[in-house]
Colleague: 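Below: one structure in C-alpha cells.
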Amino acid sequence: SYINKTSNKHTSISITDRNQVITTKLLNQYPQWNNDKNITLYNQSFIELIKENQFSDKTKNIIYLSPESSNVLKKVKDDDIYVVGAIADRTVEKNLSLNRAIDSNVIHARLPLKEYIPNGLLKYALNIETVVKILCDLVAHKTYLQNDQLWSNILNKHIPSRYINR
C-alpha cells in the first residue's frame with residue numbers, strides 16, 4: 001500500500017465506527033484497502049477501542065484531526081495515534097469532528113493548511129487519502145527534521161490543485 005511504500009516505518013490504519021454504507025463507500029473508493037494487512041476494520045468507535053485497551057500503549061498521544069480545531073499540528077510523531085474523522089455526508093454538521101474530540105477528551109488539532117498554503121484553500125476538509133498521505137510523508141521524514149519547508153512541500157504535493165485558490 002502507499003502507506004508503507006513511502007515510509008521507512010511500519011504504519012497501520014484502523015477504520016472505526018464502521019457501518020455497512022460507509023465501509024462500502026470506502027472500499028469502493030480505495031479498493032487497494034480490501035486486502036491490505038495494515039488496515040483493520042472495527043465496528044466500535046475509537047473511544048470504545050481505547051476503553052477496551054486496543055490502543056493500550058499509554059505513552060502514545062491520541063490526536064483527533066479536525067479542520068475546525070484552533071490547535072495547529074506542528075509535528076507528526078510516529079509514536080502518536082492520529083484519528084482522521086471521516087464523514088461521508090455532504091451536508092456536514094459544523095464542528096462535528098471537533099465536538100467528537102472534545103466529548104472524547106482527547107487532544108485535537110488541525111493540519112497547518114492556512115499557514116503553508118499561501119493563497120489559501122477553497123475548502124479545508126480534505127479526503128481521507130490526502131490526510132493519510134500527508135501524515136505518512138511527515139512520519140517518513142522523521143519528526144526532528146520537520147520544518148516550514150517540509151510542511152509546505154508535503155502539503156503542496158498532496159493537496160489537489162482544484163482545492164487551492166489561484
Side-chain angles (χ1 to χ4, degrees), residues 2-4 6-18 22 26 30 38-40 42 44-51 53-89 92-160 163-165:
Y2 176 87
I3 298 163
N4 288 313
T6 60
S7 178
N8 58 359
K9 299 228 177 229
H10 175 76
T11 307
S12 62
I13 294 178
S14 297
I15 298 173
T16 66
D17 288 318
R18 187 166 81 108
I22 291 174
L26 279 173
Y30 308 109
N38 299 308
I39 296 177
T40 308
Y42 294 99
Q44 304 97 312
S45 72
F46 77 98
I47 289 301
E48 291 170 320
L49 293 169
I50 292 166
K51 288 178 183 173
N53 290 320
Q54 292 288 331
F55 308 115
S56 60
D57 188 345
K58 302 292 186 215
T59 64
K60 294 184 178 190
N61 290 316
I62 297 172
I63 302 160
Y64 201 116
L65 296 176
S66 170
E68 295 93 7
S69 179
S70 58
N71 304 322
V72 178
L73 186 66
K74 295 183 188 323
K75 290 189 176 185
V76 174
K77 300 176 184 172
D78 59 356
D79 55 351
D80 285 345
I81 296 171
Y82 295 90
V83 177
V84 179
I87 299 165
D89 188 11
V92 177
E93 176 186 330
K94 184 132 177 83
N95 295 324
L96 181 62
S97 59
L98 179 61
N99 290 336
R100 276 190 177 175
I102 292 168
D103 293 346
S104 304
N105 200 27
V106 296
I107 299 166
H108 55 83
R110 65 176 174 78
L111 294 175
L113 304 176
K114 295 173 186 172
E115 290 75 9
Y116 294 110
I117 305 295
N119 296 329
L121 292 176
L122 299 174
K123 60 191 250 186
Y124 287 93
L126 302 173
N127 66 32
I128 300 167
E129 184 178 20
T130 301
V131 174
V132 169
K133 285 180 178 180
I134 289 167
L135 293 174
C136 288
D137 271 4
L138 287 162
V139 167
H141 284 89
K142 308 249 188 254
T143 8
Y144 56 85
L145 295 176
Q146 289 175 18
N147 58 38
D148 291 346
Q149 187 61 50
L150 180 65
W151 270 105
S152 181
N153 290 345
I154 288 174
L155 291 174
N156 281 297
K157 173 182 173 185
H158 293 296
I159 295 175
Y163 281 34
I164 300 173
N165 282 322

Colleague: What heavy-atom pair brings Leu113 and Arg110 nearest, and what distance separates the two atoms?
Modeller: N-NH1, 4.1 Å
Colleague: For Glu48, enumerate each residue passing the salt bridge (charged side-chain N to carboxylate O under 4.0 Å, His left out) test, keeping only those at least two apart in sequence or located in another chain.
Modeller: none
Colleague: Ignoring hydrogens and angles, tell me if any N or O in the side chain of Trp151 forms a donor-acceptor pair with the backbone of Lys74 under 3.5 Å.
Modeller: yes
Colleague: Under the side-chain hydrogen bond (donor to acceptor under 3.5 Å, both in side chains) test, which residues partner Asn95, sequence neighbours left out?
Modeller: none
Colleague: Checking Thr130 now: which residues fulfil side-chain hydrogen bond (donor to acceptor under 3.5 Å, both in side chains) with it, not counting sequence neighbours?
Modeller: Asn127
Colleague: Measure the spacing between CG of Leu138 and CD1 of Ile154 and express it to the nearest 0.5 Å.
Modeller: 4.0 Å
Colleague: Ile107 vs Asp80, test: side chain to side chain contact (heavy atoms under 4.5 Å, CB included). Steps then yes/no.
Modeller: CA-CA 11 Å; Ile107 299 166; Asp80 285 345; over 6 Å; no
Colleague: Is the backbone of Arg100 close enough, under 3.5 Å, to the side chain of Ser104 for a donor and an acceptor to pair up by distance?
Modeller: yes
Colleague: For Leu155 and Pro112, work out which heavy atoms get closest and say how close.
Modeller: CD1-O, 3.8 Å
Colleague: Is Val83 close to Val106 at the side-chain level, that is, under 4.5 Å between some pair of heavy atoms?
Modeller: no
Colleague: Residues two or more places apart in sequence or in another chain: which of them pass side-chain contact (heavy atoms from CB on, under 4.5 Å) with Asn153?
Modeller: Gln149
Colleague: So how far is it from Leu73 CG to Ser66 OG, rounded to the nearest 0.5 Å?
Modeller: 12.0 Å
Colleague: Can you find a heavy atom in the side chain of His108 that is under 4.5 Å from one in the side chain of Ile63?
Modeller: no
Colleague: Who passes side-chain hydrogen bond (donor to acceptor under 3.5 Å, both in side chains) against Tyr82, sequence neighbours left out?
Modeller: none
Colleague: Could you tell me the separation between the OH atom of Tyr64 and the CG atom of Asn71, rounded to the nearest 0.5 Å?
Modeller: 15.0 Å
Colleague: Within this structure, what is the CD1-CD1 distance for the pair Ile159 and Ile134, rounded to the nearest 0.5 Å?
Modeller: 5.0 Å
Colleague: Work out which heavy atom in Glu68 is nearest to a heavy atom in Ser97; give both atom names and the distance.
Modeller: OE1-OG, 3.2 Å
